Colleague: 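If you scroll down you'll find the structure; I have some questions about it.
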Amino acid sequence: LRSWLWLHEIWVMLPPLAAVIVGYTRWIKRASRKTARAAGEVAEVATEGVGAITEVKAFTLERWLARTFSDRVELKRRFGWRAGRRQAEFDPLVLTLVTFSNVAIITVGAWIAFGHGHRYSVLLLTIPAATLTIGTLTVFLSYANKMYSPLRSLSKLMLLASTGASAAERIQEILDQPREEPSSTG
């Protein structure tokens, strides 16, 4: 590459890409944490209902227990839907940003490579006229895609890590609860 300033074309897309990765990772982690907490509440209602089945039957609380259980299941489903939706939006959004970057590189590069007789300048990016060929553009595009590929992989890894971290936090919440001592009757 004849002009190191061409690299600014790539660096222009890094802040939006980083913002998407960090923002979506936080949203997904928050939604996954709420889903895990809601799943714990579903299990808690079920365990308490089964454990107290004689009281439930004696006081005819079956409808109340069923309503409470279905409310908790609905809450878990809603949080799970949000987390799934964010995860489904994440990868296409990253791919769209990378595609826009490639389109910008191809557009600017083709404009200069086909010799429109003047230099291209935007902010710090200055590419003198007749300094770019189609071959150089192809190589640069290849380098740009090689740089974005690890970023896409990193975004998927961050997504997986955030989901695992929210599950680990829920497990830690359960382990931190005070231990119940068995009642001694006698």
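The structure displayed is predicted, hence computed values, not measured ones.
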Colleague: Quick one: salt bridge (charged side-chain N to carboxylate O under 4.0 Å, His left out) partners of Arg78, sequence neighbours excluded?
Modeller: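 Counting only residues at least two positions away or on another chain, Arg78 forms no salt bridge (charged side-chain N to carboxylate O under 4.0 Å, His left out).
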Colleague: How long is the span from the CG atom in Leu17 to the CZ atom in Phe100, to the nearest 0.5 Å?
Modeller: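 Interatomic distance, Leu17 CG to Phe100 CZ, rounded to 0.5 Å: 13.0 Å.
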Colleague: Decide, yes or no, whether a salt bridge links Arg37 with Glu41 under the criterion of side-chain N to carboxylate O below 4.0 Å.
Modeller: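 Between Glu41 and Arg37 there is no salt bridge, as every charged N stays at least 4.0 Å from the carboxylate O atoms.
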Colleague: Out of curiosity, Leu137 CG to Leu141 CG, how far, rounded to the nearest 0.5 Å?
Modeller: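 Nearest 0.5 Å value for the CG-CG distance: 6.0 Å.
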Colleague: Closest heavy-atom contact between Val45 and Arg72?
Modeller: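 Taking every non-hydrogen atom into account, CG2-CG, 3.8 Å.
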Colleague: Could you pull out all donor-acceptor pairs under 3.5 Å where a side-chain atom in residues 62-69 meets a protein atom, sequence neighbours excluded?
Modeller:
residue	atom	partner	partner atom	Å
Thr68	OG1	Trp64	O	2.8

Colleague: Could you tell me which residues satisfy salt bridge (charged side-chain N to carboxylate O under 4.0 Å, His left out) with Arg82, sequence neighbours excluded, listed by chain and number?
Modeller: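 In terms of salt bridge (charged side-chain N to carboxylate O under 4.0 Å, His left out), with neighbours along the sequence ignored, Arg82 is linked to no residue.
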Colleague: Sequence neighbours left out, what passes side chain to side chain donor-acceptor pair (under 3.5 Å) with Asp91? Give chain and number order.
Modeller: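 Once residues adjacent in sequence are excluded, Asp91 has no partner under the side chain to side chain donor-acceptor pair (under 3.5 Å) criterion.
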Colleague: What pairs meet the salt bridge (Lys or Arg N to Asp or Glu O under 4.0 Å) rule with one or both residues in residues 13-30, with sequence neighbours excluded?
Modeller: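 Found Lys29-Glu169.
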Colleague: Check the pair Leu75, Val42 against side chain to side chain contact (heavy atoms under 4.5 Å, CB included), reporting the backbone distance first and the verdict last.
Modeller: CA-CA 9 Å; Leu75 190 64; Val42 168; over 6 Å; no
Colleague: Got a sec, which residues hit side chain to side chain donor-acceptor pair (under 3.5 Å) with Gln172, two or more places apart in sequence or on another chain?
Modeller: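 With sequence neighbours excluded, Gln172 shows a side chain to side chain donor-acceptor pair (under 3.5 Å) to Asp176, given in chain and number order.
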Colleague: Mind checking whether Val20 and Trp27 sit in one hydrophobic cluster, side chains of I, L, V, M, F, W, Y counted as touching below 4.5 Å?
Modeller: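 Yes, Val20 connects to Trp27 through the hydrophobic network.
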Colleague: What residues form a side chain to side chain contact (heavy atoms under 4.5 Å, CB included) with Ile134, not counting sequence neighbours?
Modeller: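 With neighbours one apart ignored, the set is Ala113, Phe114, Thr138.
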Colleague: Working note: Thr35 + Trp81, criterion side chain to side chain contact (heavy atoms under 4.5 Å, CB included); need CA distance, chi angles, decisive distance, verdict.
Modeller: CA-CA 9 Å; Thr35 301; Trp81 181 81; over 6 Å; no
Colleague: Please identify each residue that fulfils side chain to side chain contact (heavy atoms under 4.5 Å, CB included) with Ser32, with sequence neighbours left out.
Modeller: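 Side chain to side chain contact (heavy atoms under 4.5 Å, CB included) list for Ser32, sorted by chain: Ile28, Ala83, Gln87, Thr163, Ser166.
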Colleague: Do Ile105 and Val103 share a hydrophobic cluster (ILVMFWY, side-chain heavy atoms under 4.5 Å, transitive)?
Modeller: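 As far as the 4.5 Å side-chain criterion goes, Val103 and Ile105 are not connected within one cluster.
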Colleague: Salt bridge (charged side-chain N to carboxylate O under 4.0 Å, His left out) with Glu44: which residues, sequence neighbours excluded?
Modeller: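 Not a single residue meets the salt bridge (charged side-chain N to carboxylate O under 4.0 Å, His left out) criterion with Glu44.
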Colleague: Check side chain to side chain donor-acceptor pair (under 3.5 Å) between Asn145 and all other residues, then give those that pass, not counting sequence neighbours.
Modeller: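 Testing Asn145 for side chain to side chain donor-acceptor pair (under 3.5 Å), a comparison that skips the adjacent residues, returns Asn102.
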Colleague: Please give the remaining members of the hydrophobic cluster of Ile171, linking ILVMFWY side chains under 4.5 Å, ordered by chain and number.
Modeller: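 Members other than Ile171 - counting any ILVMFWY side chain reachable under 4.5 Å - are Leu175.
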